[in-house]
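Everything numeric here is computed off the predicted structure, so don't read it as measured data. Residue numbers begin at 1 in each chain, while the letters A, B, ... track the order of the sequences. Values below: all heavy atoms of this structure, side chains included; hydrogens, waters and symmetry mates excluded.
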Amino acid sequence: MAQDRNADAYDFSAIEARWRDFWSERGYFQTDTSAREGTYYYLNMFPYPSGYLHVGHGRNYIIGDVITRVKIMRGLQVLNPMGWDAFGLPAENAAIENETHPWTFTKKNIETSKEQFRNWGVQFDWDREVTTCLPDYYKWTQWLFIQLYKNGLAYKKKATVNYCPTCDTVLANEQVVGGECERCGTAPEPRDLEQWFFKITDYAQRLLDDLDKLEKWPDNVVKMQENWIGRSEGAEVVFKTQTGDAIPVFTTRPDTLWGATFMVLAPEHPLVDTLATEQQRDAISSYRDQAARASEIDRLATDREKTGVFTGGYAINPASGEKIPVWIADYVLMAYGTGAIMAVPAHDERDFAFAIKFGLPIIPVIKRTDGVAKSLVFPDSVDDNFACRLDALHIEYDRRPVGDLGEGLFVTLHGDDQIDKYVELMRENLSPNNWNEIVGARWAFVFNDGVLELDSTASDRKILSRCKAIYPPIQKNRTVMEMLNGLSFYQDILFHAEYGDMMNSGDFAGTPGCKAKAAVTAWLEEQGIGKGTINFRLHDWLISRQRYWGAPIPMIHCDVCGQVPVPEDQLPVLLPETKFIGKMGLADIPGYADTTCPTCGGPAKRDTDTMDTFVDSSWYYLRFINSQSTDKIFDRGDVDHWLPVDQYVGGVEHAILHLLYARFITKALHDMGHLGFQEPFARLFTQGMVCHVAYRCANHGWLYPKDVTTDDKTCPRCGKALEISSFKMSKSKRNVVDPKEIVDFYGADTERLYTMFMGPPDRDIDWTDEGIRGAFRFLNRVWHLIVPNIERLANVGAIADPDTLDEVGVSLWRRVHRTIKKVSEDIEERFSFNTAVAAIMELFNELSPYIAGDTADAALLRQAVDSLILILSPFTPFVCEELWQRTGHEDSILDQSWPNYEAIALEEDTLEIPVQVNGKLRARITVSAAVAASANELKTAALANERIQEAVEGKQLLKAIAIPGKMVSLVIK
RNA sequence: GCGAGGGUGGCGGAAUUGGCAGACGCGCUAGCCUUAGGAGCUAGUGCCUUCGGGCGUGCGGGUUCGAAUCCCGCCCUUCGCACCA
């Protein structure tokens, strides 16, 4: 270090070593949770101890440390705890690889991460540390399970679940992301297994409703949860098969019931076997096999062509009484609704596509709301004067060729009146042996002997056969709609999903769109064939896992007594010790399952599943309040005071899983009487990811940036040009920045400052090596500004008197107060750390020449320097403590109050007011505050300005607008 | 396809309520200092310019004295959901 040669150098490593343990030794971050006044609970999402944290992780914790330090200076009793989400597969897999115990691996990682926090200067109340894989924690995870079980919120059932063959365990719905296991990317396969579930669906409505209360959550997270819960309002309608079985369906459009011309069941629907006719059996079973094999990915591809098979069976449409065919198709999901749908092809895009493909009838039952209809007049179907007659009626049409048949008229009609006139005209003009159709707002087929409406499957058949007789090339078409769909002119008008007036629906015809849904629902209930229902996309939470490294499910299975929870005084059910030589679950460990029944004392078996790690993290924020408590999970009085968490911060990747589960568990505990609140996190902030440049060679894969040495970025091994892109830091892409390198090279303060200054914290951002040098230089400048001037600061009061200051002094004095205000608001209210740092830099930029000048006021100097150190200290605590001490203070900065600003200093006595002429900036005038406050005086001042007079001279002043304190705008001609 | 963000200099970004676009930083240019530093200091830096000024916040319209900001229509981009009946 330069220390020996230059005593004034910014020797960050010596400074950081001096203060590294100071704060924890003095206990500034230890919290008394029995406190009831002025408390503040700040929480970062606790990490999985993966081995080391990179600078991207640092963003999360540095934000927390900055806020915590400000709140401590505000005099609040602050709780900022940390723990480890320590169960889970990576530790187990690492243990297998090294033939060690997962805890050995986890423990080492925890120690490493703690050291990283220490080096960053990021402080926590370590006395409250929780580690989810330790018995004193998972005892309470098991206790929570038993409470849920006793309240009917945990149950076991056989279900088709997503099983990941790579991870050798089942996955929750939420853990299947885009049809892949969120951890390893393997496509899960469906398996029928007995599994434990938490009944989160009981809380679906409340989880949705209470989102409204979360005003201080980011909108996108609220939206994501809303979509995930997926509430839809509709009706359940019971269809009967010909054999008498009931098939309930869920629909959001009961008003379209009359248009249900077929049904579709999910391939795995239990009634398929009953419905299937002998000749369809082979086709059905091969389709079912194919559907079961198809990966989720294939099945979810939206633009995939519809597939399906007729069961051979029929059901009765309870509204129209028509016999309708029942099909199976994989676009109907067993997991949603009832696993069966009524298909209304005229008003649902998917059903329409399916009906067209398989030739099923399509009957419109809801009127278009725009009144638009189309009609294609075929060549020679009318005489040459027809177009003139259309003109006379002001009907819109285009003349275009129809295939190679000659020119046709492509007519577009608007409104019933015009349609009526057109139909009349067509009846009078249609040449013999022709027909003409009107589609859209009307479904009419004009023949030489009359008009047929497409209003039922019977009329569909009748119209089609007449058309075929007239025009044989359409022989292959199975329905009228299929025929019309062959003409591209009609394709955009054949189906619509709007709410419109009902038609072709018996007595309900004419019911207006706005009342249709309610009217039909009421009728269904009257008839006893259906009822209004609400359906949720959210499923119950599958929590069973078949691996070792998780909290054992504390249940016992007794042949005599059935399922029995482990008595609470026997918790925890400990994980058995074992050797890790391959993938295993508790079921594979000899002797683990053998136990006695707590009820009858007979031989019994323990449940061998462990819990999803999201159970561990669904309640940890409660445990921090009384983490040492051995006789209860937490103290209700303390928890009710400290929660909801005042500020929760973490990655947006947890927007659904963790945050939804935590909300559910909080509500469940509330309902059981353990908590006095229903939402765990009052205010949420999701920070963006830190990305870094990643280099990829087509031949040699990902390269470390340090190995890319050539200016033109070529592969060091083959010289090929590299692909350069930016990704979230990850080991596999070799673009991780190790905080140790930064701390060793520039110091932790520099890393902290740069991390906060990079950009808005909620956005993804690139880490750049140039950017960090700027932060380092700033700290150097601060150091070199203050240290040589320490003597000038000694023995001076720190309150400047503005009356004794010169012009530059007053300006600096104002700047100090303005900066304090901005930095406070930016940190505490706006979460805008980058602009807070920028404001501090601006203060520095004004302070710097003031110190250099020889007219500086000593008290102002002292006040400015003190303020600068104090407001900078949350960002760069090490160097600020050092400077604070060197400038003659004895206490720690954390003993100081966060500085207040004086309102009087924010009132400028002169203002610079911009003057616009015709919207263009033409001058800036300097006026007193009094003038600026008066619109009239401001106008006068503006017009008196030389440059403005030049601009206005000889012109007519039409308008003069003065906004006091802001600007003047003149309009001239 | 649906939903939510975002698009501003060479780069990251600022503009908090419709009121001076580009704060702050990086990079770059020129110079100074010398205990030759991972430093420090000074000046400049949106584009064009005939040096008057003109243009400029993805594109095209609109409202307004005044628009990065509000409205309408597009384009691009990131993220989430996605055959959800």
Side-chain angles (χ1 to χ4, degrees), chain A residues 2 5-6 9-10 12 177-179 218-224 226-228 230 232 234 249-253 256 264 299-304 306 329-333 335-344 348-351 353-354 535-537 652-653 655-656 745-747 750 754 757-760 762-778 780-781 783-785 822 825-826 829-830 832 834-842 844-845 848 852 912-921 923-924 958-963 965-972:
Chain A
R5 294 199 306 277
N6 183 354
Y10 168 45
F12 59 83
V177 176
D219 292 343
N220 60 331
V221 174
V222 171
K223 258 280 155 350
M224 279 158 83
E226 214 175 284
N227 292 340
W228 190 264
S232 46
V249 302
F250 174 74
T251 176
T252 54
R253 295 295 302 271
T256 64
V264 186
R299 205 172 154 160
L300 293 183
T302 321
D303 47 0
R304 182 169 160 246
K306 295 272 178 293
D330 64 4
Y331 82 92
V332 174
L333 312 174
Y336 184 80
T338 61
I341 62 160
M342 63 177 212
V344 184
D348 180 283
E349 192 176 6
R350 296 151 300 173
D351 297 345
F354 192 82
N535 197 56
F536 292 95
R537 203 185 86 105
V652 74
E653 65 272 20
I656 296 170
F745 204 73
Y746 295 108
T750 295
Y754 175 56
F757 184 60
M758 279 194 291
D762 56 339
R763 243 187 271 169
D764 291 353
I765 196 129
D766 278 319
W767 180 277
T768 67
D769 301 328
E770 293 77 29
I772 194 148
R773 281 204 284 275
F776 182 69
R777 278 208 290 263
F778 176 68
N780 266 289
R781 284 201 289 269
W783 182 264
H784 288 293
L785 183 76
K822 178 159 178 63
E825 288 170 358
D826 281 356
E829 287 160 40
R830 298 208 312 143
S832 180
N834 54 327
T835 52
V837 173
I840 296 171
M841 288 172 168
E842 287 179 72
F844 172 87
N845 290 343
S848 179
E912 201 179 58
I913 302 291
V915 183
Q916 288 182 355
V917 178
N918 286 351
K920 292 201 172 125
L921 182 72
R924 296 186 173 97
L958 295 179
K959 209 168 182 181
I961 297 145
I963 310 297
K966 293 264 168 144
M967 73 176 325
V968 179
S969 186
L970 306 173
V971 186
I972 61 172

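Across the strands present, B:rG1 finds its partner in B:rC81; the criterion is a Watson-Crick or G-U wobble pair with both atom distances under 3.5 angstrom. Using Watson-Crick or G-U wobble geometry with both donor-acceptor distances under 3.5 Å, B:rU29 finds its partner in B:rA43. Of the nucleotides present, none pairs with B:rA67 by Watson-Crick or G-U wobble criteria with both distances under 3.5 Å. Base pairing of B:rG52: no nucleotide in any strand meets the Watson-Crick or G-U wobble criterion (both distances under 3.5 Å).
The distance from atom CH2 of A:W783 to atom P of B:rA39 is 17 Å, rounded to the nearest whole Å. The separation between A:R773 atom CZ and B:rG12 atom C1' is 15 Å, rounded to whole Å. Distance NE2 (A:H784) to P (B:rU35): 15 Å, rounded to an integer number of Å. Following rounding to the nearest Å, A:M841 (CE) and B:rC26 (P) show an atom-to-atom distance of 7 Å. Summarising the geometry, the separation between CG on A:D826 and C1' on B:rA15 is reported as 12 Å, rounded to the nearest angstrom. In this structure, A:N227 atom CG and B:rC79 atom P are separated by 17 Å, rounded to whole Å. For the pair A:L970 CG and B:rU64 P, the computed distance is 19 Å after rounding to whole Å. The nearest whole Å value for the distance from the CG atom in A:N220 to the C1' atom in B:rC81 is 13 Å.
Taking 4.0 angstrom as the limit, A:Y336 places a side-chain polar atom (N or O) nearer than this to OP1 or OP2 of B:rA85. Taking only side-chain nitrogens and oxygens, A:R830 comes nearer than 4.0 Å to OP1 or OP2 of B:rA15. For A:N834 and B:rA14, the shortest distance from a side-chain N or O to OP1 or OP2 is below 4.0 Å. A sub-4.0 Å separation between OP1 or OP2 of B:rC26 and a side-chain N or O of A:R777 is present. An OP1 or OP2 oxygen of B:rG3 is reached within less than 4.0 angstrom by no side-chain nitrogen or oxygen of A:K223. Between A:K822 and B:rU16, a side-chain N or O to OP1/OP2 separation shorter than 4.0 Å is absent.
Checked against B:rC83, B:rC81, B:rG6, the side chain of A:R763 finds its nearest nucleotide in B:rG6. For A:I963, whose side chain is taken as the heavy atoms from C-beta onward, the closest listed nucleotide among B:rG19, B:rG27, B:rA14 is B:rG19. The side chain of A:W228 lies closest to B:rC81 when the candidates are B:rC81, B:rC83, B:rG27. Listed nucleotides B:rG25, B:rG27, B:rG54 differ in distance to A:E770; the shortest reach to its side chain belongs to B:rG27. With B:rG38, B:rC55, B:rC24 as the candidates, the nucleotide lying closest to the side chain of A:A838 is B:rC24. When each of B:rG38, B:rA85, B:rG13 is scored by its nearest atom to the side-chain atoms of A:F12, the top-ranked nucleotide is B:rG38. The listed nucleotides are B:rG25, B:rC81, B:rG13; the one nearest the side chain of A:F757 is B:rG25. When the nucleotides B:rG54, B:rG38, B:rA14 are ranked by their closest atom to the side chain of A:T835, B:rA14 comes out on top. For A:R924, the side-chain atoms get nearest to B:rC20 when compared with the rest of B:rC83, B:rC20, B:rC65. For A:I765, the side-chain atoms get nearest to B:rG12 when compared with the rest of B:rG12, B:rG27, B:rC83.
By the 6.0 Å contact criterion, CD on A:E349 is open, its count of non-hydrogen atoms from other residues, nucleotides or ligands being 12 or less.
Judged by distance alone, with hydrogens and angles left aside, the side-chain atoms of A:N918 form a donor-acceptor pair with the main-chain N or O of A:I972 at under 3.5 Å. Put simply, the side chain of A:Y754 gets close to the backbone of A:T768: a donor and an acceptor are under 3.5 Å apart.
Residue contacts for A:D348: at a heavy-atom cut-off of 4.0 Å it reaches no nucleic acid atom on any strand shown. Backbone-only contact: A:N780 has heavy atoms under 4.0 Å from sugar-phosphate atoms and none from a base. At a threshold of 4.0 angstrom between heavy atoms, the contacts of A:M967 include nucleobase atoms, whether or not backbone atoms are also involved. Nucleic acid contact class of A:G774 (heavy atoms, under 4.0 Å, all strands): sugar-phosphate only. Across all strands, A:S232 comes closer than 4.0 Å only to sugar-phosphate atoms, never to a base (heavy-atom distances). A:N845 comes within 4.0 angstrom of the backbone, heavy atoms only, and of no base. The residue A:Q916 sits close to a base: some heavy atom pair falls under 4.0 Å.
Two residues, A:F745 and A:K959, neighbour RNA chain B, and the one matched to the more 5' nucleotide by heavy-atom proximity is A:F745. Mapped onto RNA chain B by nearest heavy atom, A:G339 and A:E912 fall at different nucleotides, with A:E912 at the one closer to the 5' end.
Of the C1' atoms belonging to B:rA68 and B:rG46, the separation is 15 Å, rounded to the nearest Å. Nucleotides B:rG9 and B:rU57, compared at atom P, are 9 Å apart to the nearest Å. Annotation: B:rU49 and B:rG73 have their P atoms spaced 39 Å apart (nearest Å). Nucleotides B:rU69 and B:rG6 have their C1' atoms positioned 15 Å apart, rounded to a whole Å. Straight-line distance between the P atoms of B:rC33 and B:rC24: roughly 27 Å, to the nearest whole Å. Straight-line distance between the C1' atoms of B:rU45 and B:rU78: roughly 31 Å, to the nearest whole Å. Nucleotides B:rU34 and B:rG27, compared at atom P, are 24 Å apart to the nearest Å. With P as the reference atom, B:rG58 and B:rG12 are 14 Å apart, rounded to whole Å.
Applying the 3.5 Å distance criterion, the base of B:rC83 shares a donor-acceptor pair with the side chain of A:K306.
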Working for side-chain contact (heavy atoms from CB on, under 4.5 Å), residues A:F745 and A:F776: CA-CA 10 Å; A:F745 204 73; A:F776 182 69; over 6 Å; no
Does A:E226 form a side-chain contact (heavy atoms from CB on, under 4.5 Å) with A:V222? I'd like the steps, not just the answer. CA-CA 6 Å; A:E226 214 175 284; A:V222 171; 4.2 Å; yes
Could you give me the CA-CA distance, side-chain angles and deciding distance for A:D351 and A:I341, then say whether side-chain contact (heavy atoms from CB on, under 4.5 Å) is met? CA-CA 10 Å; A:D351 297 345; A:I341 62 160; 3.5 Å; yes
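With its glycosidic angle within 90° of 0, B:rG52 adopts the syn conformation. Regarding the sugar-base torsion, B:rG46 falls in the anti class, its angle being beyond 90° of 0.
No donor-acceptor contact under 3.5 angstrom links the side chains of A:T750 and A:Y10, judged on distance only.
Listed here is the closest heavy atom pair of A:G339 and A:V332: O-CG1, 3.6 Å.
A:R253 is not listed as a side-chain neighbour of A:M342, based on a closest heavy-atom distance of 4.5 Å or more.
Ring geometry for A:Y331 versus A:F354: interplanar angle of 30 to 60°, hence tilted.
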